[in-house]
Amino acid sequence: MKIEKNEEYLNRGMDLKRLVLYLQKRLWLLIMLIVLGATCGGVTYQVMRSMKMPVEYKAVSKLYISFDHDENGEVYQYYNGYTWNDLLDSDPIVDLVMKELPGYEKSDVRESTTAEILSDIRLLTITVRGDNEKFVREIRNAVENGLKEFAKNSDELEQIKVIRSTVPERVYWDNRTTSACVTGAAALGVLALFIIGFHYVMDESMYVQEDVEKKYKMPALGILTRNQKGLQPYAGELKANIRYAMGDNRTLAVVDMDNHADVRGLELERLLNREETDIMGSSGGVKEEEDFGWYKAKTKEVQEKGEWEITAFGENILSEEECRKIREAGAVILLLPFGKDVGRKTSRILTLLNNQDCNIIGMVIAQADEEFLNRYFA
């Protein structure tokens, strides 16, 4: 038998039901990564917010302006936010401010100070920003005093009075920790889904008989579950398929790709030597009271020799002598572990067995998860 690369298997479609069950087994990993992403996002944002953001201090002053009257007895009311910004940048006010700020530059004062009228033209808001608390405090005091002095010398203004003045406080970014946590969770969640999906696509593990038939184009004789509780339907199907494939021959060799040959061989031999009445109840129903697990097969009690004789080999101990014994047995079955990627080892063993003219009658998925199978075939 010539072993060729199976392009059809490589281009196979996606089994959505199997994918869902595959994801269910890894749901804990997805949840853990989402929680980790949320935690990392929140912590990273807080570190950047407290340590990496530029240091800036801000002080706000609220001043009340009393306007003087013109020659007609009307109150001057043409001052607005733009006017005050221009006034603060003008030399008359800046010169008054600079008297109290020896050693400072005019450009620094102009850049750090803004003025605005929010609603009432009599209420002026002065905001001072800078990267140093002492600088902001001194600029704030100097601007307040400078505006008071300017009002005394102005025809349009009667006085400017400070009604509220805040101490310099550090300016922080808006607290967006929740958004950072959501972003981190989403990012790591999407990444986890991508990794799991990529692993699923690249995974060559065997889960159901269809996987065997698509990949190896060989008969999938059945499934040997972990506990074999109730034995049916998987054990009955497996037994029927092996009996049909072997015909009258009752000597069989198995090669376990998971290197638990002794256990798997005893388990399969015990299954084949059981009578149908042991598998099915007298009324045709399934007998579920006995647990047919590998640990039952490993008891020290002497097992009665049945008509079926199975010789088991591990994939890592095959040599010329083992291949001769396999040929003498007349037929060999490969046991593929459920949910483990042994594709490359299996291809190597298939090449060896075919080169040695061993009669490969099919493959069996061993140690299958009953819960997975019941959900998949439901």
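The residues of the chain are indexed from 1 along the displayed sequence. Owing to the predicted nature of the structure, the values given are computational and were not obtained by experimental measurement.
Of the possible polar contacts, none joining the Arg327 side chain to the Asp357 backbone as a donor-acceptor pair under 3.5 Å is found. Between the side chain of Ser154 and the main chain of Phe150, no donor-acceptor pair closer than 3.5 Å is present. A donor-acceptor pair under 3.5 Å is absent between the side-chain atoms of Thr177 and the main chain of Gly42, judged by distance alone. Between the Asp258 side chain and the His260 main chain, no donor and acceptor come within less than 3.5 Å of each other. Side chain of Glu269 to main chain of Ile310: a donor-acceptor pair is present (N/O by atom type, distance under 3.5 Å, no hydrogens or angles).
Transitive grouping of hydrophobic side chains (ILVMFWY, heavy atoms separated by less than 4.5 Å) brings Leu157 and Leu63 into a common cluster. Both Ile31 and Leu193 are members of a single hydrophobic cluster when ILVMFWY side chains are connected at heavy-atom separations under 4.5 Å. Residues Tyr376 and Leu373 share a single hydrophobic cluster, defined by chaining ILVMFWY side chains whose heavy atoms lie under 4.5 Å apart. Side-chain heavy atoms closer than 4.5 Å link hydrophobic residues (I, L, V, M, F, W, Y) into clusters, and following such links, possibly through other members, connects Leu353 to Met218. Side-chain heavy atoms closer than 4.5 Å link hydrophobic residues (I, L, V, M, F, W, Y) into clusters, and following such links, even through other members, never connects Val60 to Val97.
Annotation: side chain of Arg110 is not in contact with side chain of Leu88 (no heavy-atom distance under 4.5 Å). Between Val255 and Met257, the closest side-chain pair of non-hydrogen atoms falls below 4.5 Å. Under the 4.5 Å side-chain criterion, counting only non-hydrogen atoms from C-beta, Ile126 is in contact with Leu147. Looking at Tyr216 and Ile360, their side chains never come closer than 4.5 Å, going by heavy atoms from C-beta outward. Put simply, the side chain of Phe313 does not reach to within 4.5 Å of the side chain of Val332, judged on heavy atoms. Considering only heavy atoms from C-beta on, Arg140 stays 4.5 Å or farther from Thr166 through its side chain. By the 4.5 Å heavy-atom criterion applied to side chains, Ile242 and Leu268 are counted as neighbours. Annotation: side chain of Leu123 is in contact with side chain of Tyr64 (closest heavy-atom distance under 4.5 Å).
Sorted by first and then second residue, the salt bridge (Lys or Arg N to Asp or Glu O under 4.0 Å) pairs involving residues 341-353 (not counting sequence neighbours) are Glu315-Lys345, Glu315-Arg348. Pairs engaging residues 53-66 under the salt bridge (Lys or Arg N to Asp or Glu O under 4.0 Å) rule: Glu56-Arg129 [sequence neighbours left out].
Here the closest non-hydrogen pair linking Ser165 and Ser61 is OG-OG, 3.7 Å. Nearest approach of Ala220 to Asn241, heavy atoms of both residues: O-ND2, 4.5 Å. Nearest heavy atoms, Cys358 versus Cys323: SG-O, 3.9 Å. In terms of heavy atoms, Glu100 sits closest to Ala142 at OE1-CA, 3.8 Å. For Ile326 against Ala253, the heavy-atom pair with the smallest separation is CG1-CB, 4.1 Å. The two residues Asn273 and Glu307 come nearest to each other via the heavy atoms OD1-N, 3.2 Å.
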Assess whether side-chain contact (heavy atoms from CB on, under 4.5 Å) is satisfied between Leu271 and Trp308, documenting all intermediate values.
CA-CA 10 Å; Leu271 171 65; Trp308 285 87; over 6 Å; no
Does the pair Ile361 and Leu252 meet the rule for a side-chain contact (heavy atoms from CB on, under 4.5 Å), with working shown?
CA-CA 10 Å; Ile361 63 170; Leu252 176 65; 4.3 Å; yes
Evaluation steps, side-chain contact (heavy atoms from CB on, under 4.5 Å), between Val171 and Tyr57:
CA-CA 6 Å; Val171 179; Tyr57 288 89; 6.0 Å; no
Would you check, one step at a time, whether the test ring-ring contact (aromatic ring centres under 6.0 Å, His included) holds for Phe135 with Tyr104?
CA-CA 9 Å; Phe135 170 84; Tyr104 285 90; 5.5 Å; yes
Could you walk me through whether Leu350 and Met363 pass side-chain contact (heavy atoms from CB on, under 4.5 Å), step by step?
CA-CA 11 Å; Leu350 284 173; Met363 296 180 171; 3.7 Å; yes
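Note that CG of Leu336 is 11.5 Å distant from CD1 of Ile223, once rounded to the nearest 0.5 Å. If you take CD1 on Ile196 and CG on Leu29, they are separated by 5.0 Å, rounding to the nearest 0.5 Å. Rounded to the nearest 0.5 Å, atoms OG1 (Thr251) and CE (Met246) are 7.0 Å apart. Atom CG of Leu191 sits about 4.0 Å away from atom CD1 of Ile195, to the nearest 0.5 Å. A distance of 11.5 Å separates CD1 of Ile34 from OG1 of Thr39, quoted to the nearest 0.5 Å. Expressed to the nearest 0.5 Å, how far CZ of Arg122 lies from CD1 of Ile117 amounts to 11.0 Å.
The one candidate from Leu96, Thr113, Val94 that meets the side-chain contact (heavy atoms from CB on, under 4.5 Å) condition with Val143 is Thr113.
By the neighbour-count criterion of 12 heavy atoms within 6.0 Å, atom CD of Glu105 is sparsely surrounded, having that number or fewer from other residues, nucleotides or ligands. Heavy-atom contacts from other residues, nucleotides or ligands closer than 6.0 Å to CE of Met32 number more than 12. Few gaps surround CZ on Arg137; more than 12 heavy atoms of other groups in view lie less than 6.0 Å from it. Annotation for Phe377: atom CZ counts as buried by contact number, over 12 foreign heavy atoms lying within 6.0 Å. Other residues, nucleotides and ligands contribute at most 12 non-hydrogen atoms within 6.0 Å of the NZ atom of Lys161. Surrounding CG of Asp131 are at most 12 heavy atoms belonging to other residues, nucleotides or ligands under 6.0 Å away.
The ring-ring contact (aromatic ring centres under 6.0 Å, His included) search around Tyr45 returns none, not counting sequence neighbours.
For the pair Glu322 and Lys325, the salt-bridge criterion is not met [side-chain N within less than 4.0 Å of a carboxylate O]. A salt bridge links Glu328 with Arg324: at least one charged nitrogen is closer than 4.0 Å to a carboxylate oxygen. At a threshold of 4.0 Å, the pair Glu371-Arg375 counts as salt-bridged, since one of the basic side-chain nitrogens sits closer than that to a carboxylate oxygen.
Taking the six-membered ring for Trp and the full ring otherwise, the centers of Phe372 and Phe338 sit less than 6.0 Å from each other.
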